[in-house]
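Below is one structure, written out as structure tokens; the observations come after it.
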Protein chains: 2
Amino acid sequence: MSDFSLDNRPLYEVKANLFKGLAHPVRIRTLERLAGGGDVSVSELLADTGLEPSHLSQHLSVLRRHNLVVADRRGSQVFYRLAYPQVADLLSVARILLVEVLQTTQRHLETSEADVSSTAPRS
Amino acid sequence: MSDFSLDNRPLYEVKANLFKGLAHPVRIRTLERLAGGGDVSVSELLADTGLEPSHLSQHLSVLRRHNLVVADRRGSQVFYRLAYPQVADLLSVARILLVEVLQTTQRHLETSEADVSSTAPRS
DNA sequence: TCATCACTTAACATTTTCATCATATCACCG
DNA sequence: CGGTGATATGATGAAAATGTTAAGTGATGA
């Protein structure tokens, strides 16, 4: 409860905390599913991912604590959605960066391989 | 070395990994300083933050491993800069989201306070 | 060459996450 | 009510990240 005051703290701490909330594959998967739009029930998320209910539930709890998603119960099911559309923006900007990184890394790999095959690199 | 292949892994894992690289106040501070543009020497970063050299250096190492920054040595000093301008984009989109979250949380707090003062919420 | 400044890496104890399993809650149906 | 499906919470051990201190490398300049 002390790590989520969001206020009275330097912005860089709050921001680091936000990224901490995003720093897990299950949570990214979940957010990306929710970024598709509309509400998604826990059942659907479970079916999609094949995770153990309690495992997913704990990650959903993390996402809630970070104010990234909101949930509402309808009957016996619970539906989740993004708390803010900006969450989807963040994910897509991350993807753009990642594509760039991957492409560059790819190029570097190719270059290294070339250097390996011909030990004396020409030009 | 196994956690940074960047390739041959589902995108959501790579993405989660990216966020992990951002998930620390010192690293956010550093990136934000570098996002200002230009190269910044470790000395300057140390002066700005007042951190222990080894502490900062370890975080710089994390940022390098995540391909978020690049360093080059000039004489006895080492200069860092963002590896991609998109890193700055990511930070600024995060800020936008955060402002939204903070504003909303603020509103909720005010509402709660009002509810406290009058125990029976009207409407 | 060796002393020093600038920075990095290594080693290790501490703290924080994570995964797993057991238990609890909540809503509905019989 | 009691049972069952859907989800959440709690507890525990393992794994990973963090902070600290010490030792290492690389360039510079006496």
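Everything quoted here is computed from the prediction, not taken from an experiment. All chains are named by letter (A, B, ...) in the order of the sequence lines, taking the proteins before the strands, and each is independently numbered beginning at 1.
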Partners meeting side chain to side chain contact (heavy atoms under 4.5 Å, CB included) with B:Ser61 (sequence neighbours left out)
B:Arg64, B:Arg65
Under 4.0 angstrom, heavy atoms only, what part of the nucleic acid is A:Phe79 near: base, sugar-phosphate, or nothing?
nothing
Check the angle between the aromatic planes of A:His59 and A:His24 and answer parallel, tilted or perpendicular using the 30° and 60° thresholds.
tilted
Looking at B:His59, does any N or O in its side chain come under 4.0 Å of the phosphate oxygens OP1/OP2 on D:dA17?
no
Contact list for DNA chain D against residues 36-47 of chain A - heavy-atom distance below 4.0 Å:
A:Val42, A:Ser43
Taking the six-membered ring of B:Phe79, is the NZ or CZ of B:Arg74 close enough (under 6.0 Å from the centre) and on axis enough (within 45°)?
yes
Under-3.5 Å N/O pairs linking protein and nucleotides 21-29 of chain D:
residue	atom	partner	partner atom	Å
D:dT21	O4	B:Ser54	OG	3.2

Between C:dT17 atom P and B:Asn17 atom CG, what is the distance in whole Å?
17 Å
Would you mind writing out the side-chain donor-acceptor pairs for residues 42-53 of chain A within the sub-3.5 Å range, not counting sequence neighbours?
residue	atom	partner	partner atom	Å
A:Ser43	OG	A:Gln77	NE2	2.9
A:Glu44	OE1	A:Arg33	NH2	3.4
A:Glu44	OE2	A:Ser41	N	3.4
A:Glu44	OE2	A:Ser41	OG	3.4
A:Asp48	OD2	A:Arg33	NE	2.4
A:Asp48	OD2	A:Arg33	NH2	3.2
A:Thr49	OG1	A:Leu45	O	2.8
A:Thr49	OG1	A:Leu51	N	3.4

Output all residues satisfying side chain to side chain contact (heavy atoms under 4.5 Å, CB included) with B:Glu13, sequence neighbours left out; order by chain, then residue number.
A:Pro25, B:Arg9, B:Pro10
At under 4.0 Å, does any side-chain N or O of A:Tyr80 touch on OP1 or OP2 of D:dA8?
yes
When the C1' atoms of the five terminal pairs at each end define the local axes, what inter-axis angle does the helix from C:dT1-D:dA30 to C:dG30-D:dC1 show, to 10 degrees?
0°
